[in-house]
Protein chains: 2
Amino acid sequence: MTTAKARPRRSREALAPNPAGARDAASPGGQADSGGGFDAHVADIDYGVLDSLVGYAIRRAQIRIYEDFVQSLAQWHITPPRFSALVIVSRNPHLKLTELARILGIARSGAVLLVDALEEMKLVARRPAPHDRRAYSLVLTPAGRRTLAAATAAVCEHDARVAAALTPQQQDTLRDLLGRLAQPAPATKPDPAGTV
Amino acid sequence: MTTAKARPRRSREALAPNPAGARDAASPGGQADSGGGFDAHVADIDYGVLDSLVGYAIRRAQIRIYEDFVQSLAQWHITPPRFSALVIVSRNPHLKLTELARILGIARSGAVLLVDALEEMKLVARRPAPHDRRAYSLVLTPAGRRTLAAATAAVCEHDARVAAALTPQQQDTLRDLLGRLAQPAPATKPDPAGTV
DNA sequence: TATTGTTATACTCTATAACTATA
DNA sequence: TATAGTTATAGAGTATAACAATA
């Protein structure tokens, strides 16, 4: 019988693209299906506009870097968001959960889960906040400091490896250009006669 | 009673960072909690190594661009992966689902869901493949072509807006540098007598 | 009344594995 | 036996909304 053809296709996600959920999920990768990593340019395929978009170029690079990052820190069970959190807590001790959430750009509930995991891994500790009995003061444990040191070394190696295709000067240029893109952008509307 | 303090913290995600799932989820954003968008650099916060990593610079830029992209295409319910799929199918008609999956770097099952959504939106159609009764041949519908045209215009506007912080020449430079990063990398082990 | 941490719930996206029809 | 599409299931990550304790 018709393998797939004549089958009512129900609406799994259908028409609800952005109401919530993960905003990106940038990285396909070593899944069993599609061979190994991600091919930015499959032979004989016309990518149309995609090849001219700055956004797509960034996406491609991010996918590749993400894969390498995850592999590099797999042994410590440290993912990108966890690494960021560890670094931030390390350099800015005694942050409250709410502050950490804002810095990382995630919801408070997400910060709770993130810190839960880090605390279970014995890398971060919740300590009572000095003058506010509602809040916590986040700090790294001794083990957290050791692990972060090792992980940081691994991340730097990883970053150097990935960026090895560029000269140090080009890397600086790249960081500079990317930094400008990350700016909030002057205004949403071109605005005929001046600024907002 | 102790609001949060004395409560057994169970392991939601605990120690299972990478076995599967979305690889990135790059984008925090307009959530009710953390004010508005993502602040790449919160005042008075020390970002440590993060500021020196090419990977983190890319991530920051990607978050910002992703937010703008989603907003730009919200009216059509077209997300980044959907847009990519439309462009690929448009420029390379008669692809099979498996081929689309490989090009997009996702699992076949993911391609099915993606095409399901696009088909329900009447933008893409599954047609019987000429010489293989198992396979489908993907094509854009007339509505798909019209919508893609409009969406493409919106995406180009979006990209131009986001990249407006750079001169055209800098944009070229950026695309070029990013393109090199996206390369598979010469080898995991170069290094006859050197680093590592 | 506002804020902090928390929990419950839901949604997106993706992956793995098994299954059916066909090659 | 291998491949194309599909389905079921699971998991990570995030968001929203409501709640208790505290400010």
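Order of the sequence lines sets the chain letters (A, B, ...), proteins ahead of strands, with each chain counted from 1. Scope of the values below: all heavy atoms of this structure, side chains included, with no hydrogens, waters or symmetry mates.
One interatomic measurement links the two molecules: CG of B/Leu113 to C1' of C/dT12, which rounds to 10 Å at whole-angstrom precision. If you take CD of B/Glu99 and P of D/dA4, they are 8 Å apart, rounded to a whole angstrom. A straight line from CG of B/Leu114 to C1' of C/dA15 spans 15 Å, rounded to a whole angstrom. Put simply, CD1 on A/Ile63 is 14 Å from P on C/dC13, counting in whole angstrom units. One atom, CG of A/Leu100, and another, P of C/dG5, lie 10 Å apart when rounded to the nearest Å. Between the NZ atom of A/Lys96 and the C1' atom of D/dT22 there is a distance of 12 Å, rounded to whole Å. For B/Phe38 and D/dT14, the CZ to C1' distance is 14 Å, given to the nearest whole Å. Between the CZ atom of B/Arg127 and the C1' atom of D/dG5 there is a distance of 18 Å, rounded to whole Å.
Between A/Arg126 and C/dT6 there is a side-chain N or O to OP1 or OP2 distance below 4.0 Å.
Ring pair A/Tyr56/A/Tyr47 is tilted by interplanar angle, where 30° to 60° counts as tilted.
In this view, B/Gln71 satisfies the side-chain contact (heavy atoms from CB on, under 4.5 Å) rule with no residue, not counting sequence neighbours.
If you check C/dT4, D/dA15, D/dG5 against the side chain of A/Arg108, the one that comes closest is C/dT4. For A/Ser109, whose side chain is taken as the heavy atoms from C-beta onward, the closest listed nucleotide among D/dT16, C/dT22, C/dC13 is D/dT16. Taking the side chain of B/Tyr136 as heavy atoms from C-beta on, and the options D/dT6, D/dA15, D/dA23, the nearest nucleotide is D/dT6. The side chain of B/Asp132 has D/dA4 as its nearest neighbour among D/dA4, D/dG13, D/dA15.
A/Asp116 and A/Arg126 are joined by a salt bridge, as a carboxylate oxygen and a charged side-chain nitrogen come within less than 4.0 angstrom of each other. Ion pairing between a basic and an acidic side chain is recognised when a charged N comes within 4.0 Å of a carboxylate O; A/Arg60 and A/Asp51 show such pairing.
Legend: salt bridge (Lys or Arg N to Asp or Glu O under 4.0 Å) pairs involving residues 169-183 of chain A, not counting sequence neighbours, sorted by first then second residue: A/Asp172-A/Arg175, A/Asp176-A/Arg180.
Judged by distance alone, with hydrogens and angles left aside, A/Thr98 brings no side-chain donor or acceptor close enough to the base of C/dT3 to form a pair under 3.5 Å. Between the side chain of B/Arg134 and the base of D/dG5, no donor-acceptor pair under 3.5 Å is found.
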